[in-house]
Number of protein chains: 2
Amino acid sequence: MPTFDGTDARILLALIKDSRQTVVAMAERLGLSRNTVQARMAALEKREVFLNFDHRVNTAALGYPLTAFISVHVQQQKLQQLGTALAAIPEVVEAHGLSGRADLLVRVVSKGAEDLFRVNGKILACEGVERTETSLAMNELVPFRLTPLLERELDK
Amino acid sequence: MPTFDGTDARILLALIKDSRQTVVAMAERLGLSRNTVQARMAALEKREVFLNFDHRVNTAALGYPLTAFISVHVQQQKLQQLGTALAAIPEVVEAHGLSGRADLLVRVVSKGAEDLFRVNGKILACEGVERTETSLAMNELVPFRLTPLLERELDK
DNA sequence: TGCTAGTCTGCGCATTATGCCTACTTTTGA
DNA sequence: TCAAAAGTAGGCATAATGCGCAGACTAGCA
């Protein structure tokens with residue numbers, strides 16, 4: 001049973017505040033015993049609460065300052081192979097199949113405008129792709145965050 | 001100058017393989033000295049290559065199995081305040097201002113279909129929002145990954 | 001009421017990592 | 001070619017880790 005309680009939330013929130021802090025530090029900060037925190041962490045890990053480290057890497061700092069979301073309209077039958085075709089493009093960082101009209105939302109990073117144009121071309125060239133619609137991410141209106149969701153669990 | 005070389009890439013790739021491995025372990029795995037890895041890590045951190053820990057948390061495991069992308073069309077003048085209005089909705093996990101026609105792309109998580117409907121309503125109720133268009137993420141065609149980009153840096 | 005299972009606690013122990021230091025060598029680039 | 005930057009090697013005190021174990025405290029259940 002993947003139960004998730006307030007203590008787990010507090011541990012995650014502590015990690016968000018400082019991801020490099022040690023288990024002992026968290027234990028005393030949270031008023032828990034070291035063993036508890038350690039056991040909880042192990043449990044969280046086993047329940048796959050932690051995603052790949054990739055997620056924590058800033059693409060801008062890697063030399064890819066531009067992020068774009070590309071809507072891709074495809075012929076439904078070709079969806080499977082399209083997955084591998086898209087995965088072959090390094091700049092494709094993430095792709096979701098969407099409900100609604102049979103299409104995809106592809107997250108792409110690039111070094112600049114021309115580069116983005118080139119990547120878009122690579123996507124268009126994939127078997128099964130009918131058309132694409134590129135939207136450049138201009139700003140982060142709400143930067144990725146889970147703290148509000150976690151704080152909601154605190155009283156449990 | 002935010003230079004990023006092959007060694008940095010190797011360090012990040014090692015972290016992606018096992019994010020909990022120690023500095024000494026990485027050093028011997030990569031054939032570098034402990035000091036080098038430590039210095040590199042510090043430099044990466046200073047250059048803000050690492051994002052918040054939030055990014056590594058699996059929302060599904062937290063009890064929010066659904067992810068949706070909501071396109072939000074807004075009156076441009078109201079963009080600023082809309083940022084704070086959206087930030088007040090816990091299920092809004094991320095929001096980008098976009099170029100092109102759809103003004104905002106909002107990433108939302110929810111506990112289920114009804115919940116998603118409710119969240120969409122909250123977004124619609126925000127001052128300045130004209131209409132929204134919800135797409136449910138059905139599958140991860142390409143799960144988030146940066147390894148191809150990093151491997152590209154290896155030979156440098 | 002008493003049993004059981006699960007969790008949290010507190011403690012100890014050996015091993016290992018960390019942070020910081022100095023000195024020396026290699027690489028880099030102006 | 002020379003100077004600056006980066007890497008290597010080693011040491012050292014402190015601290016964290018992984019592990020085990022016994023006891024306390026709940027909660028569910030017959």
Side-chain angles (χ1 to χ4, degrees), chain A residues 1-54 56-58 60-63 111 149-156, chain B residues 1-58 60-63 149-156:
Chain A
M1 323 286 105
T3 22
F4 183 83
D5 68 357
T7 309
D8 292 311
R10 292 174 66 213
I11 291 177
L12 291 185
L13 284 168
L15 276 175
I16 288 170
K17 266 207 217 98
D18 175 9
S19 63
R20 292 180 63 81
Q21 96 192 269
T22 69
V23 174
V24 274
M26 287 181 52
E28 60 187 33
R29 201 156 310 184
L30 300 180
L32 299 170
S33 91
R34 181 169 80 90
N35 276 345
T36 305
V37 177
Q38 223 157 16
R40 293 287 188 140
M41 292 272 284
L44 290 172
E45 202 149 6
K46 205 174 65 189
R47 275 189 260 142
E48 301 187 313
V49 175
F50 301 122
L51 302 171
N52 320 341
F53 190 81
D54 303 58
R56 284 204 59 196
V57 178
N58 185 350
L62 253 57
K111 290 183 183 296
L149 285 182
L150 289 170
E151 279 160 3
R152 180 187 269 179
E153 306 285 329
L154 279 187
D155 40 348
K156 295 189 187 167
Chain B
M1 322 286 104
T3 22
F4 182 85
D5 67 359
T7 308
D8 292 312
R10 291 174 66 211
I11 291 177
L12 291 185
L13 284 168
L15 276 175
I16 288 170
K17 267 208 214 100
D18 174 9
S19 62
R20 293 179 61 82
Q21 96 193 266
T22 70
V23 173
V24 271
M26 287 180 52
E28 62 188 31
R29 200 157 310 183
L30 300 180
L32 298 171
S33 92
R34 179 168 81 90
N35 278 342
T36 304
V37 177
Q38 225 158 13
R40 292 287 188 143
M41 292 272 284
L44 290 173
E45 202 147 7
K46 205 173 66 187
R47 275 189 260 144
E48 303 187 310
V49 175
F50 301 123
L51 302 171
N52 320 340
F53 190 81
D54 304 58
H55 291 268
R56 284 206 58 197
V57 178
N58 183 351
L62 254 55
L149 284 182
L150 289 171
E151 278 159 3
R152 180 186 271 181
E153 305 287 328
L154 280 186
D155 39 347
K156 294 188 190 169

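Note on naming: letters A, B, ... go to the chains in the order of the sequence lines (proteins, then strands), and numbering restarts at 1 for each one.
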**Study point:** For atom CZ of F4(B) and atom P of dA6(D), their distance in whole Å
**Key:** 16 Å
**Study point:** Residues, nucleotides or ligands: over 12 heavy atoms within 6.0 Å of E151(A) CD
**Key:** yes
Review point. Between dG7(D) and R40(B), is there an OP1 or OP2 to side-chain N/O distance shorter than 4.0 Å?
Key: yes
Practice item. Take atom CG of N35(A) and atom C1' of dC19(D), then tell me their distance rounded to the nearest Å. Key: 9 Å
Check your understanding: In terms of side-chain heavy atoms of V24(B), which of dT18(C), dA16(D), dT9(C) is nearest?
Key -> dT18(C)
**Study point:** Within 6.0 angstrom of Q21(B) CD, more than 12 heavy atoms from elsewhere
**Key:** yes
Review point. Does T36(B) have a side-chain nitrogen or oxygen under 4.0 Å from the phosphate oxygens OP1 or OP2 of dT8(D)?
Key: yes
Point to revise | Separation of atom CD in Q21(B) from atom P in dG18(D), rounded to whole Å | key: 13 Å
Review point. Counting just side-chain N and O atoms, does Q38(B) come under 4.0 Å of either OP1 or OP2 of dG19(C)?
Key: yes
Check your understanding: For the pair made of CZ in R34(A) and P in dA16(D), what is the distance, rounded to whole Å?
Key -> 9 Å
Practice item. Return the value, rounded to whole Å, for the distance between atom CZ of R20(A) and atom P of dA15(D). Key: 18 Å
Check your understanding: dA17(C) phosphate, OP1 or OP2: any side-chain N/O from T22(B) under 4.0 angstrom?
Key -> yes
Review point. Quick one: which of E153(A), R40(A), R10(A) gives a side-chain contact (heavy atoms from CB on, under 4.5 Å) with D5(A)?
Key: R40(A)
Check your understanding: So, are E45(B) and R20(A) salt-bridged, with charged N and O less than 4.0 Å apart?
Key -> yes
Study note, to complete from the structure: To the nearest angstrom, the CG-P distance between D5(B) and dA5(D) comes to 17 Å
Exercise for review: Measure from CD on E28(B) to P on dA9(D) and round the result to the nearest Å.
Suggested key: 13 Å
Revision key, fill the gap. From CE of M41(B) across to P of dC20(C) the rounded distance in Å is 14 Å
